[in-house]
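Just so it is clear, the values below take in all heavy atoms, side chains as well, and ignore hydrogens, waters and symmetry mates. Below, chain A is the first sequence line, B the second, and so on; all start at residue 1.
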There are 4 protein chains.
Amino acid sequence: MPKIVDHDRYRKELLVKSFDLFAEKGYAAITMRQVAQGLGVSTGTLYHYFPGKEALFEQLVEELADADIANFSELSEGKSIAELAEAEFKLIEQNREYFLKQMLIMADYYQQQRREGKEISPVLRRICDRVEAAVSKMLGIDDPNFLLFLMSYTDGLLLQELYGHRKIDYQAQAKILIGMLENYFKQNTKNHD
Amino acid sequence: MPKIVDHDRYRKELLVKSFDLFAEKGYAAITMRQVAQGLGVSTGTLYHYFPGKEALFEQLVEELADADIANFSELSEGKSIAELAEAEFKLIEQNREYFLKQMLIMADYYQQQRREGKEISPVLRRICDRVEAAVSKMLGIDDPNFLLFLMSYTDGLLLQELYGHRKIDYQAQAKILIGMLENYFKQNTKNHD
Amino acid sequence: MPKIVDHDRYRKELLVKSFDLFAEKGYAAITMRQVAQGLGVSTGTLYHYFPGKEALFEQLVEELADADIANFSELSEGKSIAELAEAEFKLIEQNREYFLKQMLIMADYYQQQRREGKEISPVLRRICDRVEAAVSKMLGIDDPNFLLFLMSYTDGLLLQELYGHRKIDYQAQAKILIGMLENYFKQNTKNHD
Amino acid sequence: MPKIVDHDRYRKELLVKSFDLFAEKGYAAITMRQVAQGLGVSTGTLYHYFPGKEALFEQLVEELADADIANFSELSEGKSIAELAEAEFKLIEQNREYFLKQMLIMADYYQQQRREGKEISPVLRRICDRVEAAVSKMLGIDDPNFLLFLMSYTDGLLLQELYGHRKIDYQAQAKILIGMLENYFKQNTKNHD
DNA sequence: AATGAATGAGAATTCATTCAT
DNA sequence: AATGAATGAATTCTCATTCAT
């Protein structure tokens, strides 16, 4: 069944391409025709690969959960905390478009699930967990509360972007974070004594 | 002699009541009929007070920008940093529903403005600025970068709720924040010497 | 019951004022609010004087049927045919706005009656007959076929305005009509011998 | 392979079929649902072929401007003026339904354009000009003023139909017209001497 | 597989009319 | 009498979805 592979491969390709479209307009606001057009296919074809709009969106979010947070791992080797933090912020800054879009899609998905009375989606949690794990490994931090703090801070920074905050100085933020981290490790070391 | 109605007062009342509705479903997903029903009026009446769905939503966001962040000011008197931070987190925890909804509405508004090719809305910025000013005054902090850090952190914490994070331990987070703050003030004092 | 006189007088005043409004937009396209606004009253007041939109329009058309075709009679005294014809055309030209509007309203009324399956309205006929009688008296012509010809010609001339005909040369048309009339009278006289 | 439909051909077919519907009820009074129903299609299909009600109506009027005034040319060969005139009136009488409807549509269009503050439509003029050209060629008359007279007369005759005039005697009218024409040609010939 | 024409339920919005004041 | 707020049915138009080709 080589055909099925092709079918599946193409489906995923469409999913990836639809990411921007959903992020730009939002699930409820975008139409299937717009999606089809954006993907360069007919609506008929779109429905050939996905049973409907809702399923398409769900699969997109699941795709996000499966997608590699590829870049994170690159930087994690044997550097000082300061270097790591700086590298992380550079990475965030460089991909802020992507992260912002992912955030918007997740917010959209959250609302959609709520609308339909469903419990908070395990898919969102999965995405969240994986990012957390990546950050944990990258910075060598295990304390869940401190991890939550870090995640919140970086996610929140992206939110500020959305809120229209005047140009964010990622360098300065990195410096603050480094201070936090150094302090954290100092204290942690003390505690472990 | 017309029916005696304070048009403007009633309009604002409707706006306030529509907050939950828009937050729950999202701008694009909710219908004017649903809004009308939720407000307990007919669609005709809704259109009597607002020229259209878009205007209604915009006025809602503007209302948000004008609304008092009343509760913040209460706690700001002569307490230690630790007390203030603890109080702030309690406040966030208690109002997390409201703050989350506001966040969703702002994200929605952001998308809607983008969809229409408008520049990033000054209204969002106004909301953002006011919250920042409130936090600044409350905690007695002026450094914009540190303020941004704080805002990001607290906003990001709310985002984690949305992402389906298992019960967030606001107490533990408060502790972390206090550590940060104490460290910040210590350092700041040193620098000023 | 002096009040009733006032009521009735005011009603007619409103009718007269509504003539332009209906002519400009058409019965179906104009809204009662627009009419009210155009008349400088509230919709409530409008409904106080007329039971509804349809009745208002019907009364307007009836008002047209009752209105004096005042100006026509002025010119009818002891003049030559050429003079009369010329005078008539000047009159048409001067009032072409009014006549055009009347034409539009009558066409509208015709359609509305048809829509409701009613027979061709006697009211329209009444207007038509009165105009015919006026022309007959004015030009001293009795032959119904020739009168019909005359009416058709002048009404048709107005239609040409509506069709966007470049500036119509009423002088030239008057000359043609005079030729027709003179010829008609010559022949008629011969026939009567 | 899409369903094989000649989009443009079908669009024109719909236009032609919508002629009666618009003439019967008027642009503002007829609803798109009614049009769709009258054409035997769904509203969705109607909107698939036309961007909106206004565009549909405009295209209809343009279609009228392009439509052949086919029948006119038939009769124009080598006959006496009397025969031509008689033939014309027979033609008008036979198609009076069609001409009346065209007149109503044009009046409607005129109002609609005015409503929107547009200048007098070139489309109406185009229709008008083409009819004029046809009549000119048919009767062999060039004098624009005399042509205007003829057009006005015949159009006006149709108007009388609308005004509810009792049965119009087209034979008698033809006789009058013949008189006019003969007189016109006689005089014209004299002038050319 | 792929297309896009067709559908009709449902969205935003309007409007004649009613009615409390 | 006069006002204009309130209503909800009806209008224009959209859109997810289906289906013949």
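Between the side chain of D:K118 and the backbone N or O of D:Q112, no donor-acceptor pair lies under 3.5 Å. Of the possible polar contacts, one joining the B:R125 side chain to the A:G164 backbone as a donor-acceptor pair under 3.5 Å is found. Using modelled atom types, one side-chain atom of A:Q34 and one backbone atom of A:T31 make a donor-acceptor pair closer than 3.5 Å. Side chain of D:Q111 to backbone of C:A23: a donor-acceptor contact under 3.5 angstrom is found.
Under 4.0 Å is where a charged nitrogen must lie from a carboxylate oxygen, and between A:R126 and A:D66 at least one such pair does. Using a cutoff of 4.0 Å between basic side-chain nitrogens and carboxylate oxygens, A:R115 and B:E24 are not scored as salt-bridged.
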Checklist entry - Could you write out DNA chain F as a dot-bracket string, with dots for unpaired bases, | for bases paired across to another strand, and Watson-Crick or G-U pairs counted at under 3.5 Å? => result .||||||||||||||||||||
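Around the CD atom of A:E119, the shell of radius 6.0 Å holds no more than 12 heavy atoms that belong to other residues, nucleotides or ligands. Few gaps surround NZ on A:K101; more than 12 heavy atoms of other groups in view lie less than 6.0 Å from it.
With DNA chain E read from its 5' end, the first of the two nearest nucleotides for A:R33 and B:Q34 is the one closest to A:R33.
Between C:Y163 and D:Y110, the gap from one ring centroid to the other reaches at least 6.0 Å.
Note that A:K53 lies in the cation-pi zone of A:Y27, set by a 6.0 Å cut-off to the ring centre and a 45° limit from the axis.
Scanning residues 36-59 of chain A for heavy-atom distances under 4.0 Å to DNA chain F yields A:Y47, A:G52, A:K53. For the segment residues 13-32 of chain D, residues with any heavy atom less than 4.0 angstrom from an atom of DNA chain F are, sorted by number, D:I30, D:T31, D:M32.
If you measure from atom CZ of C:R11 to atom C1' of F:dA1, you get 16 Å, rounded to the nearest angstrom.
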